[in-house]
There are 2 protein chains.
Amino acid sequence: MIDVHSMLKMCNLKRTPFRVNLLELFVQTKSSIQTHTIRETFEGRFNKATIYRAIEAFEKNGLIHKVPDINNLLRYALCRENCVNGSHKHTHSHLICNSCRETYCIDQITTPNIPSAIGLKIDYVDLVLNGECFSCQLN
Amino acid sequence: MIDVHSMLKMCNLKRTPFRVNLLELFVQTKSSIQTHTIRETFEGRFNKATIYRAIEAFEKNGLIHKVPDINNLLRYALCRENCVNGSHKHTHSHLICNSCRETYCIDQITTPNIPSAIGLKIDYVDLVLNGECFSCQLN
DNA sequence: TTTAGAAAAACAACTGAGTTGCTTTATTGA
DNA sequence: TCAATAAAGCAACTCAGTTGTTTTTCTAAA
Ligand SMILES: [Mn+2]
Ligand SMILES: [Mn+2]
Ligand SMILES: [Zn+2]
Ligand SMILES: [Zn+2]
């Protein structure tokens with residue numbers, strides 16, 4: 001596993017204490033993170049403008065990608081594919097758990113191929129699954 | 001085509017001038033409508049609380065369904081299937097056009113079946129296509 | 001047609017996520 | 001060590017959406 005310092009460097013982002021912390025938070029997190037949670041995590045220590053601008057930079061530079069959120073709020077997950085160029089052409093799907101209200105990246109289920117016969121120009125596809133996550137099924 | 005008065009009655013919603021107008025707006029609209037557009041449409045004539053609460057009632061009673069929006073704002077489209085019970089188990093997909101920024105319901109492309117082998121409990125699936133709509137391709 | 005009960009509309013105040021402009025500070029590479 | 005530049009801090013703002021309460025309108029039954 002590549003360390004966060006190298007990840008930041010690869011993306012031409014300066015290695016500041018906050019960005020190191022933020023990236024570590026994403027690396028540790030199994031599912032995805034709501035901006036609200038990020039703000040709580042760094043409450044009082046870092047300014048919210050700093051937080052939003054760092055998230056934006058991470059997203060633009062292919063470190064994290066936006067995922068659907070049960071409350072329509074901003075939510076992100078670490079990129080699993082190599083998205084350094086910022087293209088974000090993921091093929092995994094996203095599960096929104098109606099129990100814990102988390103969103104998980106699901107590698108086992110990939111996005112379907114869209115038949116070109118219909119004549120739509122498709123850039124990328126997001127398959128959103130609404131149900132119950134593995135963890136919540138156990139409880 | 002069923003008239004809006006019957007539609008409202010079927011859903012146990014009172015036939016008020018505003019709700020008739022709002023439902024007619026949805027019936028006329030080919031794609032889907034952002035709440036912002038609805039507010040503009042009824043600007044000065046109806047209160048925004050009225051608007052949001054009517055939308056909520058329409059959604060709950062199976063007249064309209066939420067669709068993804070390019071700006072993460074609330075956006076709705078008329079239900080094509082019979083969703084009177086409010087279950088909203090649609091199988092069509094949604095196209096977000098990166099040119100006109102509209103969202104279209106696409107009946108031709110349906111949501112994939114999720115293999116039960118993985119062990120996830122799935123309630124419903126939304127397939128979100130990002131690309132260019134038919135109309136914008138012509139221009 | 002009248003009327004009472006219930007639903008919907010209006011009003012007003014509020015919440016809070018996210019943005020923006022600008023200044024100050026920290027990082028990095030030369 | 002020292003610019004150049006990116007990032008952090010600060011403060012004010014925007015605006016979509018919510019909520020509580022009062023007033024009006026609709027509807028169905030008498
Ligand atoms: Mn993902
Ligand atoms: Mn639809
Ligand atoms: Zn869960
Ligand atoms: Zn379009």
Side-chain angles (χ1 to χ4, degrees), chain A residues 3-26 32-64 66-76 86 101 103, chain B residues 4-26 32-61 63-64 66-76 86 101 103:
Chain A
D3 66 306
V4 296
H5 291 190
S6 310
M7 289 169 78
L8 288 171
K9 182 151 203 178
M10 208 193 314
C11 294
N12 296 311
L13 296 165
K14 285 187 180 172
R15 174 159 52 90
T16 65
F18 169 62
R19 295 194 171 195
V20 169
N21 286 350
L22 180 61
L23 189 48
E24 274 168 350
L25 180 63
F26 273 107
S32 56
I33 322 180
Q34 231 183 9
T35 46
H36 181 259
T37 308
I38 297 173
R39 289 178 60 175
E40 265 181 354
T41 304
F42 297 106
E43 184 71 52
R45 293 192 286 142
F46 296 97
N47 189 269
K48 64 175 170 174
T50 303
I51 294 174
Y52 283 109
R53 286 198 258 237
I55 291 170
E56 195 185 14
F58 280 18
E59 205 259 344
K60 205 175 102 188
N61 291 284
L63 285 176
I64 60 178
K66 212 176 268 184
V67 303
D69 177 73
I70 199 167
N71 284 125
N72 244 20
L73 298 181
L74 293 181
R75 180 183 276 271
Y76 299 85
R101 308 173 74 83
T103 304
Chain B
V4 295
H5 291 190
S6 310
M7 289 170 78
L8 288 170
K9 183 152 202 177
M10 208 192 316
C11 294
N12 295 311
L13 296 164
K14 283 189 181 172
R15 174 160 52 89
T16 65
F18 169 62
R19 294 193 172 196
V20 170
N21 286 351
L22 180 61
L23 190 47
E24 274 168 350
L25 180 63
F26 273 107
S32 57
I33 322 180
Q34 230 183 11
T35 46
H36 181 259
T37 308
I38 297 173
R39 289 178 61 177
E40 265 182 354
T41 304
F42 297 106
E43 184 70 50
R45 293 190 288 142
F46 295 98
N47 189 270
K48 64 175 170 176
T50 302
I51 295 174
Y52 283 108
R53 286 199 258 238
I55 291 170
E56 195 185 15
F58 280 18
E59 205 259 344
K60 204 175 104 189
N61 291 283
L63 286 176
I64 60 177
K66 212 177 269 187
V67 302
D69 178 74
I70 199 167
N71 285 125
N72 244 22
L73 298 180
L74 293 181
R75 179 184 275 272
Y76 298 86
R101 307 172 75 83
T103 304

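The sequence lines fix the lettering, A, B, ..., with proteins before strands; numbering per chain opens at 1.
Of the side-chain N and O atoms in B:R53, none sit less than 4.0 angstrom from OP1 or OP2 of C:dA9. Between A:T50 and D:dG9, a side-chain N or O to OP1/OP2 separation shorter than 4.0 Å is present. For the pair A:T35 and C:dG18, the criterion of a side-chain N or O lying under 4.0 Å from OP1 or OP2 is met. Checking the phosphate oxygens (OP1, OP2) of C:dA9, no side-chain nitrogen or oxygen of B:R45 falls inside 4.0 Å. The phosphate of D:dG17 has OP1 or OP2 within less than 4.0 Å of a side-chain N or O from B:Y52.
A donor and an acceptor atom never sit less than 3.5 Å apart when one is taken from the side chain of A:R75 and the other from the base of C:dG18. Below the 3.5 angstrom threshold, one finds a donor paired with an acceptor across the side chain of B:K14 and the base of C:dA6.
We find that CZ of B:F18 is positioned 16 Å from C1' of D:dC26, with the value rounded to whole Å.
If A:N72 and A:P17 are placed on DNA chain C by their nearest nucleotide, the residue sitting closer to the 5' end is A:N72.
B:A49 comes within 4.0 angstrom of a base, heavy atoms only. Here A:R15 lies in heavy-atom contact (under 4.0 Å) with sugar-phosphate atoms only. Nucleic acid contact for B:R19: sugar-phosphate only, since backbone atoms but no base atoms lie under 4.0 Å from a heavy atom of the residue.
No side-chain heavy atom of A:N21 sits less than 4.5 Å from a side-chain heavy atom of A:L25.
Aromatic ring pairs are classed by plane angle as parallel below 30°, tilted from 30° to 60° and perpendicular above 60°; the pair B:F42 and B:F18 is perpendicular.
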